[in-house]
There are 2 protein chains.
Amino acid sequence: MTVNQIVSESGTSKGGFYHHFQSKDELLYVIHDYFISYVLTKAKEADSSSKKPTEKLQKIIQSFVKVFHLYKPHISVFYQESMYLKPEYTEEIKKKRDSYKNLIFKCLEEGREAGEFRPEVPVDITGMTILGMVNWTYKWYQPGGEKTIDEIGSIFVDLILNSLLTDSAKQKKEYQKFFLKSGLAEDKL
Amino acid sequence: MTVNQIVSESGTSKGGFYHHFQSKDELLYVIHDYFISYVLTKAKEADSSSKKPTEKLQKIIQSFVKVFHLYKPHISVFYQESMYLKPEYTEEIKKKRDSYKNLIFKCLEEGREAGEFRPEVPVDITGMTILGMVNWTYKWYQPGGEKTIDEIGSIFVDLILNSLLTDSAKQKKEYQKFFLKSGLAEDKL
DNA sequence: TGGGACAGACCAACCAGTCGGTCTCTGCCT
DNA sequence: AGGCAGAGACCGACTGGTTGGTCTGTCCCA
């Protein structure tokens with residue numbers, strides 16, 4: 001996407017564009033900030049809303065998935081254009097992405113220490129797994145598709161918790177709501 | 001990466017480059033073919049090597065992860081530059097990536113029908129989850145890092161099978177080797 | 001009347017791709 | 001054997017088009 005395309009499709013002009021942004025890179029930075037702020041806020045809320053790592057993780061994942069619904073255009077543009085960002089901006093962006101990553105890692109570590117998450121699965125790989133599976137949704141998620149974003153989020157939560165929780169934690173009544181129902185009614189896949 | 005950089009860093013010339021490739025896009029296509037051929041071959045081998053979906057899935061994931069070790073430079077270049085590929089090449093590439101995706105989906109479907117995989121988790125989302133978590137490794141995997149690629153593969157397999165297998169399938173003796181040991185020896189994370 | 005919001009012609013840099021030319025190896029004719 | 005022709009490998013100056021960014025100027029409101 002060139003600056004000329006941007007200004008023509010948004011109905012302004014080169015002059016107007018560079019009146020508001022120092023450079024094309026700054027626009028990309030602003031776009032990134034738009035959605036990273038959302039997930040960071042939501043993750044911090046989740047972190048302070050409860051003391052149970054399992055609950056926190058569920059909330060983090062659900063809001064993480066939701067961002068791909070709310071800001072799909074922003075995210076697509078970011079991943080398409082971010083390769084050629086100038087170092088000054090990449091650094092700032094990396095900081096925010098790192099602090100998000102660390103929130104997830106911290107939550108996984110807490111769950112492990114609380115004895116709810118299986119101790120034999122390493123926190124770092126699990127963290128990158130979550131980031132990978134959720135971030136990848138920008139490649140295939142279609143708003144208005146057969147599954148809503150909340151349904152997709154619930155499936156992700158089910159998958160992650162089923163592989164993370166210890167057998168005893170899985171039995172807890174208050175966590176049953178995080179698992180997909182395996183009722184008689186077959187899923188209409 | 002410009003053509004000028006490519007030829008200077010590889011010690012040839014513009015003329016030499018365009019003698020071997022029709023265009024810069026063709027080079028990218030060749031690079032992609034290099035590693036997609038590997039995973040496709042391995043996945044087909046896995047598919048015909050056994051009748052048990054669980055075993056097949058384990059082999060597919062393990063070889064899928066391994067490609068990021070064997071061809072990391074190829075894969076990084078591909079994801080960095082593939083945005084601006086001309087349609088003719090994107091189509092060809094998409095075909096191969098789709099056939100890989102379909103192998104995974106088929107395997108998941110078979111496991112579901114065989115009663116080994118939980119029927120309540122949808123095949124399509126699970127498939128995209130696997131593709132996402134594995135494909136994302138190109139962003140963080142470092143050859144020579146603290147975990148080998150086979151260890152990472154085993155962790156992925158453990159996570160996926162733990163969330164996919166039914167309780168009864170998890171008990172099967174021949175599948176125990178796919179799970180991380182939860183021995184007394186604490187993981188040195 | 002002066003300053004912020006915007007317009008759009010313009011520019012320098014850069015890029016993929018071209019094209020005329022050189023160098024070298026091979027095989028064939030004498 | 002020696003020379004020669006021609007094909008393929010490779011070179012790099014050049015080009016046409018595109019890009020991010022600038023600059024002069026206009027409009028409008030306080």
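Reminder, nothing fancy here: chain letters follow the sequence lines and each chain counts from 1.
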Quickly, which of Tyr34(A), Phe35(A), Tyr141(A) forms a ring pair (Phe, Tyr, Trp, His ring centres under 6.0 Å) with Tyr71(A)? Name it, please.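 Among the candidates, only Tyr34(A) passes.
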State plainly whether the residues Arg118(B) and Glu120(B) are in salt-bridge range, i.e. N to O under 4.0 Å.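 So Arg118(B) pairs with Glu120(B) through a salt bridge.
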Candidates Glu110(B), Lys59(B), Glu116(B) - the one meeting side-chain hydrogen bond (donor to acceptor under 3.5 Å, both in side chains) with Thr54(B):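 Exactly one option meets the side-chain hydrogen bond (donor to acceptor under 3.5 Å, both in side chains) with Thr54(B), and it is Glu116(B).
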Over how many whole Å does the gap from [X] atom [atom1] to [N] atom [atom2] extend?
X: Leu27(A); N: dG20(D); atom1: CG; atom2: P; result: 11 Å
X: Tyr84(B); N: dT18(D); atom1: OH; atom2: C1'; result: 14 Å
X: Glu26(B); N: dG17(C); atom1: CD; atom2: C1'; result: 14 Å
X: His20(B); N: dA9(D); atom1: NE2; atom2: C1'; result: 7 Å
X: Phe21(B); N: dA9(D); atom1: CZ; atom2: P; result: 13 Å
X: His19(B); N: dG21(C); atom1: NE2; atom2: P; result: 19 Å

Just wondering, do Phe68(B) and Val134(B) contact through their side chains at under 4.5 Å, heavy atoms? yes
Parallel, tilted or perpendicular, as decided by the 30° and 60° cut-offs, for the rings of Tyr84(B) and Tyr84(A):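 Tyr84(A) and Tyr84(B): tilted rings.
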Short heteroatom pairs, N/O only, protein and nucleotides 21-24 of chain D, under 3.5 Å:
| residue | atom | partner | partner atom | Å |
| --- | --- | --- | --- | --- |
| dG21(D) | OP2 | Tyr18(A) | OH | 3.0 |
| dG21(D) | OP2 | Lys24(A) | N | 2.8 |
| dG21(D) | N7 | Lys14(A) | NZ | 3.1 |
| dG21(D) | O6 | Lys14(A) | NZ | 2.3 |

Please name the residue in the list Met1(B), Glu81(B), Lys86(B) that meets the side-chain contact (heavy atoms from CB on, under 4.5 Å) test with Leu28(B).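 By the side-chain contact (heavy atoms from CB on, under 4.5 Å) criterion, Leu28(B) pairs with just one of Met1(B), Glu81(B), Lys86(B): Glu81(B).
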